[in-house]
Amino acid sequence: MNYDYIFKIIIIGDSNTGKTSIVKRLCENKFMSVCNGTIGVDFSTKITELENGIFVKSQIWDTGGNIKFKKLLRQYYKGVACIVVTFSLSSSDSFQSVPSWLDEIKNNIIDDNPPLIILVGNKSDVQHRIVSREEAEKFSKNNGLIYIETSAKINHNIKKLETCIVNNIYNNMDKSISGIQSMENHLKDNFNDNKQSRYNCCWLC
Ligand code: GTP
């Protein structure tokens with residue numbers, strides 16, 4: 001399928017918060033109640049049509065939340081247009097970890113144009129949530145983040161998350177070149193004479 005732009009997106013956050021499940025729901029509309037933890041980093045793609053008829057391809061890098069993969073993650077931040085930070089609404093620890101994930105981003109983003117950061121409170125379907133909407137919203141406001149609650153399990157707000165990601169990246173494209181290239185530029189950069197990788201955003205780079 002043809003597309004006009006490629007957006008690089010990374011999803012990070014503690015183990016067990018549902019990163020893989022969100023990506024699986026978004027890309028394949030599937031949910032698995034038993035998942036193996038992600039080892040290192042996995043990769044999926046999704047094509048979305050914007051309201052103006054433009055097609056964008058999202059390359060979504062799903063990362064293992066285990067602490068031992070944090071160092072590995074650093075090489076994936078290059079050229080990223082959006083970082084989704086997840087926590088579980090049923091885990092106070094995962095919410096307490098969010099500031100350390102934000103520090104991780106701050107310490108590793110070297111591009112001039114910082115990526116869009118979206119905080120996702122996943123598992124909104126649980127009967128007894130531990131993290132309230134109010135505290136998550138307050139935290140997001142104080143840190144200048146967009147906040148969305150999702151459930152990969154019951155497919156709550158997953159489409160909203162997708163729309164939020166691609167529209168925000170697309171609408172800010174003129175101001176934020178990093179991580180976003182037209183295919184023409186992308187191919188030109190990768191098939192020129194001195195094949196320097198510039199973006200590290202896909203199999204071409
Ligand atoms: P790591 O790969 O270890 O970093 O984990 P992860 O963040 O990718 O979590 P994963 O998607 O593997 O999900 C962990 C567990 O939570 C699995 O048992 C999922 O079925 C479950 N889970 C994921 N999303 C939801 C959700 O929205 N609601 C509920 N109730 N459970 C969920």
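Both counts, for ligands and for their atoms, begin at 1 and track the order of listing.
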Review point. Hey, does Ile12 have a side-chain heavy atom less than 4.5 Å from the side chain of Tyr77?
Key: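 Result yes, sub-4.5 Å side-chain heavy-atom pair found.
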Point to revise | Side-chain heavy-atom pair Ile22, Thr86 within 4.5 angstrom cut-off | key: yes
Exercise for review: Indicate yes or no: does Glu149 engage Lys160 in a salt bridge with an N to O separation below 4.0 Å.
Suggested key: no
So is there a nitrogen or oxygen of [X] less than 3.5 Å from a nitrogen or oxygen in ligand 1?
| X | value |
| --- | --- |
| Met32 | yes |
| Gly18 | yes |
| Lys19 | yes |
| Thr20 | yes |
| Gly64 | no |
| Asn16 | yes |
| Thr38 | yes |

Practice item. Give the residue and atom name of whichever protein heavy atom lies nearest to atom 12 (O) of ligand 1, and the separation in Å to one decimal. Key: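 For atom 12 (O) of ligand 1, the nearest protein heavy atom comes out as Cys35 CB, 3.3 Å.
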Review point. Please state which protein non-hydrogen atom is closest to atom 3 (O) of ligand 1 and give its distance, to 0.1 Å?
Key: Ser15 OG, 2.7 Å
Check your understanding: Which pair of non-hydrogen atoms, one from Ser90 and one from Lys123, has the smallest distance, and what is that distance?
Key -> OG-CD, 4.0 Å
Point to revise | Mutual orientation of the aromatic rings belonging to Phe139 and Phe95 [parallel < 30°, tilted 30-60°, perpendicular > 60°] | key: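 It falls in the perpendicular class, over 60°.
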**Study point:** Donor-acceptor contact below 3.5 Å, side chain Lys19 vs main chain Val84
**Key:**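 Here the side-chain-to-backbone pair does not exist.
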